[in-house]
Amino acid sequence: MLTAQGIGVFADIVIGQLVFYERQIFKVHKEQVEDITREMMRFREAKEQAVRQVHILHQTALREVSQENAAIFQAHHMLLEDMDFNGYVLDVIQNQHVNAEYAVNQAANTFCELFSSIEDPYLKQRAADIRDISQRLLTILTYGETKHFQPSQPSILVADELVPSEVMQIPRDKVLAIVMQFGAETSHSAIIIKDRNIPTILRVGMDVKKEYQGHLAAVDSYSGHLYIDPDEDTLNRLKEKKRREEEKRKGLSYLIGKESRTIDGRELDIFANITEPLDIEQVLRSDAAGIGLMRSEFLYLKRDDLPSEEEQINAYREVIRRMDGRITIIRTLDFGARKMIDMSRRHPDANPALGFRSIRICLAMPEMFCTQLRAIYRAACYGPVGIQFPMVDSVETLEEILGYVKQVKAQLKEEKKEFNPDVKIGLIIETPASVILSRELAKKVDFFHVDTNDLIQYALAVDRQNPRVNDYYNTRHPAVLRMIEMVTQNAHQEGIKVTVSGDMAGDPKLTEWFLRTGVDHISVSAANILPLKQKIREMDLSEET
């Protein structure tokens with residue numbers, strides 16, 4: 001039996017035969033051509049065919065994954081139509097008198113190298129998208145069409161690395177699980193894998209050679225283990241683990257409607273994080289105490305203009321109504337919307353994580369910022385709402401924000417617009433500066449929200465998108481724990497509550513620590529709510545340890 005360790009995506013246990021992913025093989029050669037007009041026409045026709053294929057992919061994705069993640073293929077459409085990319089290909093054909101395949105390959109290499117060198121993880125991801133569309137173009141130019149890989153029977157699929165379009169085209173009924181040699185948890189491919197509920201192991205720590213084709217294997221994506229030719233004891237152990245996990249999932253429904261309280265009476269409410277309104281169904285099924293983080297970036301993606309006030313009201317209202325009296329806390333625009341990315345392209349930062357982003361962009365674009373504030377206050381007529389501001393690092397910045405809040409409320413009152421003036425105001429604590437100033441900041445807001453992912457990144461100087469420093473990203477670092485303790489103590493001294501989100505919030509090994517520290521709420525993905533509630537209800541902290 002061979003055993004390998006990787007990173008699990010979408011937890012499950014699967015047993016089946018290995019099958020290796022096969023792509024249409026082609027080699028790109030540089031060929032001198034006399035009729036450059038014909039080569040340019042070949043490229044344009046291939047591009048149009050690729051655009052049609054990507055449109056079909058997008059429509060399929062809208063049915064099978066979230067709207068936000070389906071937008072990956074809208075981004076591919078945009079790249080195929082991108083004037084810089086197209087211009088580069090056509091210039092190579094025209095100036096070097098070469099074949100279209102070579103020109104596309106040259107453009108792909110150049111643009112991949114450009115995007116790969118950028119620190120911002122959002123822009124770095126464009127390199128993978130360029131590889132995806134370029135592979136599509138080269139396949140069309142070489143074969144005239146793109147053939148999809150189709151296993152003959154349900155199998156465990158092995159690949160070096162899959163691009164988003166390949167993941168989307170995998171027949172779900174024929175792929176039990178995926179094993180990749182490479183890949184990142186934050187990649188578009190991994191995001192789609194999660195949406196399609198495919199158990200997967202990334203960055204498997206061994207060379208899974210093609211000689212294992214057809215061999216029996218087991219994937220445990222809970223632990224990230226791959227077993228090739230597993231012995232009977234291993235198979236029995238994995239089957240038992242799968243049975244226990246399935247029973248655990250089914251058995252948690254009895255917790256719906258019950259309090260998130262320890263045996264000795266300590267409460268730790270569990271909120272849900274959502275990325276867009278479509279996520280609300282899972283939140284309702286999970287019986288979340290509220291929405292602790294509603295990201296608003298979905299409104300700004302997939303478009304060339306800014307969303308109107310009415311568009312935003314409609315989106316927020318849908319969630320607020322469905323929550324039926326439970327609070328919805330909306331985060332103002334954070335870094336990541338494409339409009340802001342375009343701005344970053346024109347004025348690139350050496351390190352975007354430390355640069356012009358988040359609330360800094362909002363304050364530099366007050367019209368956009370006030371439109372979002374107006375929409376939130378008006379949508380708050382439909383249920384309890386909180387608003388939280390990211391990346392606030394000083395009292396002066398907070399006062400500037402509160403000035404806009406006051407201005408917006410006065411405008412709505414003057415215009416006789418219906419709005420709820422009692423929206424709760426919160427701050428996202430994510431930098432050491434906001435931790436140190438938390439006592440002063442707490443005097444001016446209604447609640448704190450600690451984003452542990454960014455707090456770890458900024459406190460420990462660890463880029464969480466850089467795999468080379470993964471080992472330094474420590475969710476239990478004593479400095480980070482002390483920061484959360486400090487924030488909680490300062491918040492409570494000023495009479496406000498604290499919510500914690502991020503990787504630490506979802507870690508069941510830290511749940512007891514949060515309870516003992518006095519954290520009021522944690523905010524996690526909907527899938528984590530019932531397991532964490534069960535853990536809390538089984539605890540008895542009456543005896544100090």
Side-chain angles (χ1 to χ4, degrees), residues 58 61-63 65-75 122 191 195 271-286 288 290-341 358-359 361-362 365-390 404-405 408-409 411-412 415 417-426 428 449 501 523 525-526:
H58 180 237
L62 285 172
R63 293 191 298 270
V65 302
S66 72
Q67 186 175 354
E68 181 185 21
N69 294 335
I72 292 166
F73 300 107
Q74 284 186 313
Y122 185 100
I191 289 168
D195 265 6
F271 291 162
N273 302 328
I274 69 170
T275 300
E276 61 174 327
L278 288 174
D279 298 336
I280 192 66
E281 294 295 339
Q282 191 172 5
V283 171
L284 296 174
R285 288 196 297 270
S286 71
I291 292 176
L293 171 60
M294 178 179 179
R295 300 176 177 90
S296 58
E297 288 75 43
F298 71 94
L299 287 159
Y300 298 81
L301 295 167
K302 305 168 286 188
R303 59 191 303 152
D304 297 317
D305 57 348
L306 293 170
S308 69
E309 185 174 324
E310 294 300 325
E311 283 181 84
Q312 296 189 56
I313 291 169
N314 291 338
Y316 303 142
R317 180 175 56 205
E318 178 185 348
V319 173
I320 295 164
R321 277 178 167 169
R322 298 288 303 279
M323 288 305 292
D324 193 25
R326 287 171 284 182
I327 193 165
T328 299
I329 299 176
I330 302 168
R331 182 181 69 188
T332 56
L333 178 63
D334 203 350
F335 186 72
R338 201 185 74 239
K339 183 64 70 174
M340 306 305 110
I341 295 300
S358 196
I359 198 67
I361 292 174
C362 292
M365 301 177 68
E367 185 176 348
M368 177 194 75
F369 186 41
C370 287
T371 298
Q372 183 170 33
L373 292 176
R374 286 171 60 93
I376 293 172
Y377 271 93
R378 291 178 64 190
C381 292
Y382 300 93
V385 169
I387 181 171
Q388 54 194 8
F389 302 102
Y404 282 115
V405 170
V408 161
K409 291 165 74 172
Q411 287 175 347
L412 291 171
E415 296 168 12
K417 298 282 190 184
E418 187 180 3
F419 74 102
N420 181 358
D422 297 323
V423 170
K424 300 294 183 184
I425 301 293
I428 299 182
H449 182 120
S501 71
S523 193
S525 65

Could you point out which residue of Thr328, Ile329, Leu373 forms a side-chain contact (heavy atoms from CB on, under 4.5 Å) with Ile387?
Leu373

Any [X] side-chain heavy atom under 4.5 Å of [Y] side chain:
X      : Y      : value
Arg378 : Arg317 : no
Ile280 : Met323 : yes
Arg322 : Glu281 : yes
Glu415 : Arg374 : yes
Arg331 : Asn273 : no

For residues [X] and [Y], report the shortest heavy-atom separation together with the two atoms involved.
X      : Y      : value
Ser501 : His449 : OG-NE2, 2.7 Å
Thr371 : Pro307 : CG2-O, 4.2 Å
Ala315 : Pro277 : O-CG, 3.9 Å
Tyr404 : Pro366 : OH-CB, 3.5 Å
Ser286 : Ala526 : CB-O, 3.4 Å

Any donor and acceptor pair, going by atom type alone, linking the side chain of Gln74 with main-chain N or O of His58 inside 3.5 Å?
no

Exam field: side chain Asn314 to backbone Glu311, donor-acceptor pair closer than 3.5 Å
no

Yes or no on side-chain hydrogen bond (donor to acceptor under 3.5 Å, both in side chains) for Glu318 and Tyr382, after CA distance, side-chain angles and deciding distance?
CA-CA 9 Å; Glu318 178 185 348; Tyr382 300 93; over 6 Å; no

